[in-house]
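Since the structure comes first, as structure tokens, the remarks are kept for the end.
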Amino acid sequence: MSPATRPAAPAGFDVSTALEAVPAIERWLEYQRRYLRTPGVQVAIRVGDELVWSAALGYSDEVAGTPLRTDHLFRIASHSKTFTATAIMQLVEQGKVRLDDPVEQYVTELAGTALGPITVRELLGHQGGVIRDGVDKDYWQLMDPFPDRDALIELCRSNGQVFERNEYFKYTNIGYSLLGLVIESASGSSYGEYVGTHIVDRLGLKKTGAELDVRRADEYAGGHTGLLDGSDVRELIPHVDTRAMAAATGFYSTAEELTVYGAAHFFGDDQLVSDASKRLMQRDESVITTHGREAGRYGLGMIISKVGDRRLVGHSGGYPGHITRTFIDPVDQLVVSVLTNCVGGPAESLATGVVKLLNLAADAPADTQVPSDIDAQRFCGNFANLMGVLSISLLGGRLVAYFPGAPDPTDSYEELQVIDENTLAIVPAAGYGSIGEKVQYTWDTNGRPTQVRYGGSSRWPVETFRSRRTQQIASAAQGRL
């Protein structure tokens, strides 16, 4: 593809800032993975046309102890909806589909039924009032096969309607499964063939596809059960074919390839669809209000959200054993994809935390920058004491401290300023912490921190404190006798 059709990253978010933040992000993600007992996390960050980071943390198979790799395939479930919406917009641009066409024009078996008049646009935006998964959705817990085409049509004819058109935003996998049939009718190809040729192959993706590929069985990351309580042990869940529901939930990919796909939704990139089509997909089609408050926004095949001041599009995915999330900033040209391999996996909170750390790096104040003659990374790490773990990290050219066990690492962070090669200070600001106080380091002969006095409290590298904690508590107990 020519450089003219894939623009470089704009000045609003640069590659060097993201690269510098990677050690902090990796340290936070690995802490969260362990803290939340998540078997594996696959993650990738792309800025403009550059893959900044791709990593795999933990296990593909926790039971067997098999390490997770960056090329393990994940079932990305409802990410499939973005591929389906992209395919529909391509057919619209080709003049083969109109957004206001009724679905019965393409799926003739629905003529004369309650679902027949629902438009393509209404299905894309979950405004058709269509049942979510059917009256019997136990296929999601692998008790039955996913419906084939005949079962899907019968379900739609007999029990497809729940609400009137445009009465409520009602998320529906069945509605998106129908869009897969629209694509087949309008293109003359199967759903898998169409998206394979016009999206997957066009982007040069080698580890992405529309449905389970049994020939690649050994490449899939293991999926794990959820934790029923704090003492539960996870079990592996087999991968299954989603059949006629592939357009809603069948896709597989890797975090790395999802950032390539996400970048094709940057404005100015014409590999898949025009900017005009992107604006339709990414604008607020629905503002979702639940119990009197806004619960989210949805476009045409895209979840719309904000992390800080950054407006993001993309999608989540929930498949038995795999929970996934991808955020796309089409203006500042940032993609973050986080894939987890267990039921209840924290992909949403992890991806959000990554974006928040990147935002924190991008918004660094000028007056706290580390002097050029100081090695800032030597101050960084996780430091523990009896009250918990504190992380000190380099973000945006300055040092910050935060609690890595918090779901939001930026919720109560403190800015740090370098005083000398052994000393930091917590930058003054209103708050409950040790603001304005010193942070003093002690080093070993290799220049690694052995102890940190943070606002008067001793902390140690996590493993050092783990080895001394029992004796520390025992000594305190003996002193009270």
Side-chain angles (χ1 to χ4, degrees), residues 72-88 90 107 123-124 126 130 132-134 137-153 155-156 171-185 187 189-201 203 205-217 219-223 237-255 257-258 261-262 272 301-303 314-326 337 339-341 343 345 347:
H72 267 123
L73 309 179
F74 279 70
R75 305 302 295 278
I76 57 172
S78 286
H79 280 74
S80 306
K81 295 178 176 68
T82 70
F83 289 86
T84 297
T86 300
I88 289 287
Q90 289 178 339
V107 187
L123 290 176
L124 286 169
H126 299 287
V130 179
R132 192 189 197 280
D133 291 289
K137 54 182 285 186
D138 280 338
Y139 54 84
W140 275 114
Q141 55 177 329
L142 313 186
M143 293 173 64
D144 302 298
F146 275 70
D148 60 14
R149 190 185 194 281
D150 289 343
L152 173 66
I153 295 297
L155 186 162
C156 290
Y171 190 83
T172 169
N173 285 314
I174 298 303
Y176 261 79
S177 301
L178 290 177
L179 287 170
L181 302 187
V182 172
I183 290 167
E184 292 185 343
S185 175
S187 69
S189 302
S190 72
Y191 175 79
E193 290 170 343
Y194 182 87
V195 294
T197 299
H198 296 274
I199 299 178
V200 174
D201 293 348
L203 296 178
L205 305 180
K206 303 300 183 184
K207 301 182 185 302
T208 303
E211 182 55 279
L212 177 69
D213 187 343
V214 294
R215 296 168 300 178
R216 309 183 75 165
E219 299 179 54
Y220 288 90
I237 303 174
H239 294 278
V240 297
D241 193 327
T242 60
R243 310 217 294 179
M245 295 184 67
T249 193
F251 262 83
Y252 66 85
S253 190
T254 65
E257 288 207 344
L258 281 172
Y261 169 70
L272 298 181
M302 293 280 191
I303 295 173
H315 224 285
S316 57
Y319 177 89
H322 286 175
I323 305 294
T324 55
R325 187 61 161 108
T326 300
S337 186
L339 315 181
T340 62
N341 61 339
V343 173

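Here the structure is a predicted model, which means the values were calculated and not measured. Just so you know, these numbers use all the heavy atoms, side chains as well, and skip hydrogens, waters and symmetry mates.
Taking the side chain as every heavy atom from C-beta outward, S189 and T197 never approach each other to under 4.5 Å. V343 places a side-chain heavy atom less than 4.5 Å from the side chain of I237.
Applying the side-chain contact (heavy atoms from CB on, under 4.5 Å) criterion to D138, with sequence neighbours excluded, gives D136, Q141, M143, D144. By the salt bridge (Lys or Arg N to Asp or Glu O under 4.0 Å) test, E211 pairs with R75, sequence neighbours left out. Residues satisfying the side-chain hydrogen bond (donor to acceptor under 3.5 Å, both in side chains) test with S253, not counting sequence neighbours, are T208. Residues satisfying the ring-ring contact (aromatic ring centres under 6.0 Å, His included) criterion with H72, sequence neighbours excluded, are absent altogether. Partners of H126 by ring-ring contact (aromatic ring centres under 6.0 Å, His included), not counting sequence neighbours, listed by chain and number: F169, Y171, Y176, Y298. In this structure, the salt bridge (Lys or Arg N to Asp or Glu O under 4.0 Å) partners of R149, at least two apart in sequence or on a different chain, are E109. Evaluation of the ring-ring contact (aromatic ring centres under 6.0 Å, His included) rule for F83 yields F251, Y261 as partners, not counting sequence neighbours. For the side-chain hydrogen bond (donor to acceptor under 3.5 Å, both in side chains) test, residues two or more places apart in sequence or in another chain that qualify with D213 are R215. Applying the side-chain contact (heavy atoms from CB on, under 4.5 Å) criterion to I88, with sequence neighbours excluded, gives V92, L99, V120, L124, L179, V182, I183. Here A247 pairs with T84, Y191 under the side-chain contact (heavy atoms from CB on, under 4.5 Å) rule; sequence neighbours left out. The ring-ring contact (aromatic ring centres under 6.0 Å, His included) check on H322 picks up F74, H239, with sequence neighbours excluded.
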**Prompt:** Step by step, would you call Y139 with V240 a side-chain contact (heavy atoms from CB on, under 4.5 Å)?
**Reply:** CA-CA 10 Å; Y139 54 84; V240 297; over 6 Å; no
**Request:** Could you walk me through whether T254 and L73 pass the side-chain contact (heavy atoms from CB on, under 4.5 Å) test, one step at a time?
**Result:** CA-CA 5 Å; T254 65; L73 309 179; 4.0 Å; yes
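Each salt bridge (charged side-chain N to carboxylate O under 4.0 Å, His left out) pair with one or both residues in residues 239-248, not counting sequence neighbours, would appear here, but there are none.
Across all non-hydrogen atoms, the minimal contact from S337 to L258 is OG-CD1, 3.5 Å.
Residues Q90 and Y194 have side chains that bring a donor and an acceptor to within less than 3.5 angstrom of each other.
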